[in-house]
Amino acid sequence: MTNYQTEIRIKVPLDVAETYWNATEEDRQKIEKKISFYVQSSNLSRKESLDKLYKTMATIGQKAQERGLTPEILESLLNEDD
């Protein structure tokens, strides 16, 4: 999948624009990624969003098990008093 990029214009409060203009290139890229993620996420339906969340949670659980997390260890961690 090719990831083409283009520029868009959006209206923001002046202080937001100034913050962006004064940011480093690295920070600008982070801001752009966050905006892109937000716009993409807002286009998902509720069902699609939940499906994506459940898939992410399943992946996290699978990786935790692969790394040695057992139900007993999880229970112990959840019952620890701070």
Side-chain angles (χ1 to χ4, degrees):
M1 174 186 222
T2 305
N3 187 14
Y4 295 105
Q5 293 186 339
T6 189
E7 290 186 18
I8 62 171
R9 294 177 65 170
I10 59 173
K11 292 181 181 182
V12 296
L14 182 58
D15 61 326
V16 172
E18 288 174 347
T19 300
Y20 181 80
W21 293 328
N22 293 326
T24 65
E25 183 61 31
E26 181 180 345
D27 286 339
R28 285 183 187 182
Q29 289 176 2
K30 289 177 185 178
I31 293 167
E32 291 166 5
K33 285 181 183 180
K34 288 178 184 179
I35 292 171
S36 178
F37 176 79
Y38 176 77
V39 171
Q40 287 174 336
S41 296
S42 68
N43 284 335
L44 295 177
S45 71
R46 180 169 168 74
K47 182 183 180 326
E48 290 172 320
S49 295
L50 288 173
D51 289 346
K52 187 175 180 180
L53 173 63
Y54 294 144
K55 182 178 178 182
T56 300
M57 291 170 64
T59 301
I60 291 169
Q62 180 181 359
K63 287 183 180 182
Q65 287 179 346
E66 290 171 0
R67 294 176 180 155
L69 182 66
T70 64
E72 295 79 17
I73 293 171
L74 177 59
E75 184 71 26
S76 173
L77 291 171
L78 292 175
N79 289 325
E80 282 184 359
D81 291 330
D82 289 324

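- Applying the side chain to side chain donor-acceptor pair (under 3.5 Å) rule to Ser76 yields no partners; only residues at least two apart in sequence or on another chain are considered.
- Evaluation of the side-chain contact (heavy atoms from CB on, under 4.5 Å) rule for Lys33 yields no partner, not counting sequence neighbours.
- Grouping the Ile, Leu, Val, Met, Phe, Trp and Tyr side chains by contacts below 4.5 angstrom, directly or via other members, places Val16 apart from Trp21.
- Every residue two or more places apart in sequence or in another chain was checked for a side-chain contact (heavy atoms from CB on, under 4.5 Å) with Tyr38, and none qualifies.
- Heavy atoms only, all atoms of each residue included: Leu69 and Leu74 are closest at CD1-N, 3.9 Å.
- The distance from atom CG of Leu14 to atom OG1 of Thr19, rounded to the nearest 0.5 Å, is 9.0 Å.
- Evaluation of the side chain to side chain donor-acceptor pair (under 3.5 Å) rule for Gln65 yields no partner, not counting sequence neighbours.
- Proximity of Ser36 to Glu32: side-chain heavy atoms (C-beta onward) are nowhere separated by under 4.5 Å.
- Each of Asp15, Val12, Ile31 was checked for a side-chain contact (heavy atoms from CB on, under 4.5 Å) with Tyr20, and the lone residue meeting it is Ile31.
- Glu75 meets the side chain to side chain donor-acceptor pair (under 3.5 Å) test with Asn79; sequence neighbours excluded.
- For Asp27, the side-chain contact (heavy atoms from CB on, under 4.5 Å) partners at least two apart in sequence or on another chain are Ala23, Thr24, Lys30.
- Glu72 meets the side chain to side chain donor-acceptor pair (under 3.5 Å) test with Thr70; sequence neighbours excluded.
- Remark: Pro71 pairs with no residue by the side-chain contact (heavy atoms from CB on, under 4.5 Å) rule, at least two apart or across chains.
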Using a 3.5 Å cut-off and no angle test, enumerate the donor-acceptor pairs between side-chain atoms of residues 53-64 and protein atoms at least two apart in sequence or in another chain.
from, atom 1, to, atom 2, distance (Å)
Thr56, OG1, Lys52, O, 2.9
Thr59, OG1, Lys55, O, 3.0
Gln62, NE2, Glu66, OE2, 3.3

